[in-house]
Amino acid sequence: MNFDQQKAQKIWQTVCLILAGKVSSYGLVADLAGLPGRARMVGRVLQHAPSEMQLPWHRVLRSNGQIAFAPGSDSARRQIELLRLEGVEVCRNRVKMKRYGWLPQLDELLQMKF
DNA sequence: GTATTGACAGACG
DNA sequence: GCGTCTGCCAATA
């Protein structure tokens with residue numbers, strides 16, 4: 001069993017828990033996935049994640065609520081569009097974390113942990 | 001084994 | 001809110 005795969009699984013699970021219309025940050029996802037300080041690894045895993053999973057990667061932003069991709073980039077525009085479709089207002093490659101910030105629910109975390 | 005890069009985070013100004 | 005610097009960890013060259 002590859003532990004690496006397990007970490008990735010945990011990350012994917014955590015990202016999948018993010019509700020529509022809400023956004024989270026890499027650091028938070030990494031923390032919830034049991035990888036404190038490994039926010040970069042989250043990004044790498046997400047990019048390496050299979051499309052079959054339909055992972056809501058677009059709901060994962062920086063800690064400041066800014067889009068991780070470069071402004072005007074294809075991926076960035078796609079992410080922004082997806083977020084807007086879910087009701088998340090994106091302004092200048094940035095979302096209002098104060099309003100759309102997602103806080104993990106204990107029930108969901110508990111459910112995924114065991 | 002060292003240097004560079006990356007879908008990052010936090011502190012400072 | 002924005003740019004810069006430092007710290008962190010993993011993958012890549």
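Quick caveat: nothing in here was measured; it's all calculated off a predicted structure. Numbers restart at 1 for each chain; the letters A, B, ... are given by sequence-line order, proteins then strands. The figures that follow rest on heavy atoms only: side chains count, while hydrogens, waters and symmetry mates do not.
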Query raised in the report: Would you call A/K96 and A/E89 a salt bridge, using N to O less than 4.0 angstrom?
Result: yes
Query raised in the report: Is the closest basic N to carboxylate O distance between A/K22 and A/E86 below 4.0 Å?
Result: no
**Report entry** Contact check, side chains of A/Q79 and A/W57, non-hydrogen atoms, under 4.5 Å
**Finding:**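 Sidechains of A/W57 and A/Q79: in contact.
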Requested in this report: Taking the side chain as every heavy atom from C-beta outward, state whether A/P56 and A/R59 have any pair of such atoms under 4.5 Å apart.
Outcome: yes
Query - Nearest-Å distance for atom pair CZ/C1', residues A/R62 and C/dC2 - result: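 In whole Å, C/dC2 C1' and A/R62 CZ are 12 Å from each other.
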Query raised in the report: Over how many whole Å does the gap from A/R92 atom CZ to C/dG3 atom C1' extend?
Result: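 Going from A/R92 (CZ) to C/dG3 (C1'), I get 12 Å.
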Query - Connected via hydrophobic side-chain network under 4.5 Å: A/V15 and A/L61 - result: no
Report task. At the 4.0 Å heavy-atom cut-off to chain A, mark where contacts on DNA chain B begin and end, going 5' to 3'. Result -> B/dG6 to B/dG10
Query raised in the report: Among A/V23, A/V29, A/L19, whose side-chain contact (heavy atoms from CB on, under 4.5 Å) with A/W102 holds?
Result: A/L19
Report task. Test A/I80 against every option in A/V88, A/V90, A/V95, A/L85 by the side-chain contact (heavy atoms from CB on, under 4.5 Å) rule and name the one that passes. Result -> A/V90
Could you list all N or O pairs between the protein and nucleotides 5-10 of chain C that sit under 3.5 Å apart?
none

Query raised in the report: Expressed in whole Å, how much space separates the C1' atoms belonging to B/dG1 and C/dA13?
Result: 13 Å
Query raised in the report: Can you check whether A/K10's main-chain N or O pairs, donor with acceptor, with A/T14's side chain at less than 3.5 Å?
Result: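 It does hold such a pair.
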